Amino acid sequence: MKSNNEMLIEVDHLMKHFDIGNGKTVKAVNDISFGIRKGETLGMVGESGCGKSTAGRTLLRLYEPTAGAVKFQGQDIMTAKGSKLKALRREMQMVFQDPYASLNPRWKVENLIAEPLDIHGLAGSAKERKLQVERLLDRVGLRSDHAKRYPHEFSGGQRQRIGIARALALNPKFIVCDEPISALDVSIQAQVVNLLQDLQRDYGLTYLFIAHDLAMVKHISDRVAVMYLGKMVELASSEDLYANPKHPYTKALMSAIPVPDPDVEENKERIVLTGELPSPVNPPSGCNFRTRCPFATEKCAAEVPAFREVAPDQWAACHYA
Ligand SMILES: Nc1ncnc2c1ncn2[C@@H]1O[C@H](COP(=O)(O)OP(=O)(O)O)[C@@H](O)[C@H]1O
Ligand SMILES: [Mg+2]
């Protein structure tokens, strides 16, 4: 989980709005800017529907953005075309939340894992292709004879290993892990997390790790980004975010997690959220958290708070952070 300051990914005012008819637009990702450092795990948390999956997919250009730019090692992903785009796609992969839905049930494992190699013309001879699949199966803790089986013959944890092998096939530098363990039994979640961490160490991978389990995200992330209604409200190292959150929404999320140290638990600030999560079709004016924020003032309704560095390497979008 080592990281230096070199950015692998730079996200600049990224927006993804979905047209849903009747002149209505879902502002799923609504102007977010941040970087992901080479070799780090950036956790991304927030309530269901706040735009995490859309952000992850738009970052990889699986969705075309409504506005904004994303750079990979200084190269603009959003304007890349042809062979340049194809080369960029090899470097960036995704592991999906639901290993049941993301693997074609009619395909044998060997074809599922080799598909990215086939698409990019990297499979080689039949023998080389088979060897590559065996090596990938071994790397994710499966056996070479699993290659001949179909997805339904595997457990949820094994299917996610197949999804990870597929993501690794092209030797990427960056992987978006979109709630990769949420659909798995608690008893096997740690095994899949350990596998992802081993792979990161061995191949120097950079992860965007999307999750809603805050405790788990702290454990595996170097830094954590908190999303609310399509916006990034806070970004800090795991330690700072958990010990000293600056945004009231982050504080509210932290209030819900028990701290092992009884003195800290006793004295920590508790914020209980009231009200409903507003619709991303009609977000509140100004700060979009203001309708649920116990500290909101007139300024919060009038002005969108800037996402600014409120402490060293800690960013928050709050007028009063
Ligand atoms: N393809 C789509 N078309 C229309 N709305 C979408 C689409 N994908 C996501 N949304 C909406 O965008 C918002 C963010 O969704 P999503 O990115 O899936 O959130 P999360 O992953 O944080 O749960 C939600 O309101 C969701 O309903
Ligand atoms: Mg999601």
Side-chain angles (χ1 to χ4, degrees), residues 9 11 13-34 36 41-68 70 77-78 92-103 156 159-160 163-164 167 174-184 189 192-193 196 207-218 220-221 223-235 241 247 249-250 252-253 256 273 275-284 288-289 291-292 307 317:
I9 306 278
V11 180
H13 296 290
L14 189 69
M15 279 191 213
K16 178 63 188 175
H17 295 178
F18 294 104
D19 231 320
I20 51 167
N22 297 327
K24 286 187 180 154
T25 311
V26 180
K27 299 178 178 80
V29 170
N30 204 11
D31 193 356
I32 59 175
S33 300
F34 63 102
I36 306 178
T41 296
L42 179 69
M44 181 180 268
V45 300
E47 286 163 272
S48 177
C50 69
K52 305 181 296 296
S53 295
T54 303
R57 286 169 186 236
T58 311
L59 229 71
L60 301 185
R61 207 171 153 192
L62 299 177
Y63 292 151
E64 290 297 324
T66 304
V70 179
I77 298 170
M78 299 308 173
M92 309 183 295
Q93 297 291 321
M94 185 140 181
V95 172
F96 295 92
Q97 171 167 7
D98 186 351
Y100 295 83
S102 59
L103 300 174
R159 281 186 226 205
Q160 196 53 296
I164 293 167
F174 175 56
I175 302 183
V176 173
C177 304
D178 189 358
E179 305 209 33
I181 61 166
S182 303
L184 305 179
Q189 288 183 344
V192 173
V193 168
L196 287 168
Y207 289 149
L208 176 66
F209 197 102
I210 299 172
H212 57 246
D213 178 347
L214 284 168
M216 203 271 304
V217 167
K218 176 183 198 286
I220 67 157
S221 303
R223 295 188 300 152
V224 176
V226 180
M227 296 280 294
Y228 181 83
L229 213 61
K231 298 262 189 205
M232 194 171 281
V233 297
E234 187 155 1
L235 172 60
L241 191 89
H247 194 284
Y249 179 62
T250 315
L253 292 180
L273 289 184
E276 298 270 301
L277 185 65
S279 159
V281 175
N282 265 318
N288 67 11
F289 181 60
T291 54
R292 297 170 82 195
F307 191 57

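Read the numbers this way: they start at 1 and go in the same order the structure lists the ligands and their atoms. It should be emphasised that the depicted structure is a prediction, and the values quoted were computed from it without experimental measurement.
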Atoms in ligand 1 flagged as close to Thr54, the criterion being non-hydrogen separation under 4.0 Å: 9 (C), 15 (O), 16 (P), 17 (O)
Ser48 neighbourhood, listing ligand 1 atoms whose heavy-atom distance to it stays under 4.0 Å: 23 (O)
For [atom], find the nearest protein heavy atom and state the residue, atom name and distance (0.1 Å precision).
| atom | result |
| --- | --- |
| atom 13 (C) of ligand 1 | Gly49 O, 3.6 Å |
| atom 18 (O) of ligand 1 | Ser53 CB, 3.9 Å |
| atom 19 (O) of ligand 1 | Gly51 N, 3.2 Å |
| atom 6 (C) of ligand 1 | Phe18 CD1, 3.4 Å |

When you measure from the side chain of [X] to the backbone N and O of [Y], does any donor-acceptor pair fall under 3.5 Å?
| X | Y | value |
| --- | --- | --- |
| Gln97 | Ala183 | no |
| Asp178 | Gly56 | no |
| Glu234 | Val226 | no |
| Arg61 | Met78 | yes |
| Lys52 | Met227 | no |

Under 3.5 Å: N/O of Pro280 near N/O of ligand 1: no
Ala28-ligand 1 polar pair, N/O distance under 3.5 Å: no
Side-chain donor/acceptor pairs under 3.5 Å, residues 16-29, sequence neighbours excluded:
from: Lys16; atom 1: NZ; to: Glu64; atom 2: O; distance (Å): 2.7
from: His17; atom 1: NE2; to: Asn30; atom 2: OD1; distance (Å): 3.1

Ligand 1 versus Val26: contacting region, heavy-atom distance under 4.0 Å: side chain
Val95 side chain near Gln160 side chain, heavy-atom distance below 4.5 Å: yes
Contact check, side chains of Arg223 and Leu241, non-hydrogen atoms, under 4.5 Å: no
Spacing of Ile36 atom CD1 and Leu235 atom CG [to the nearest 0.5 Å]: 9.5 Å
For Met44, the option from Met232, His212, Glu179 that meets side-chain contact (heavy atoms from CB on, under 4.5 Å): Met232
Non-hydrogen protein atom less than 4.0 angstrom from atom 26 (C) of ligand 1: no
Protein N/O/S count near the Mg ion (ligand 2) (criterion: distance under 2.8 Å): 1
Gly46 near ligand 1 by a heavy-atom separation under 4.0 Å: no
Sub-6.0 Å ring centroid separation between His247 and Tyr228: no
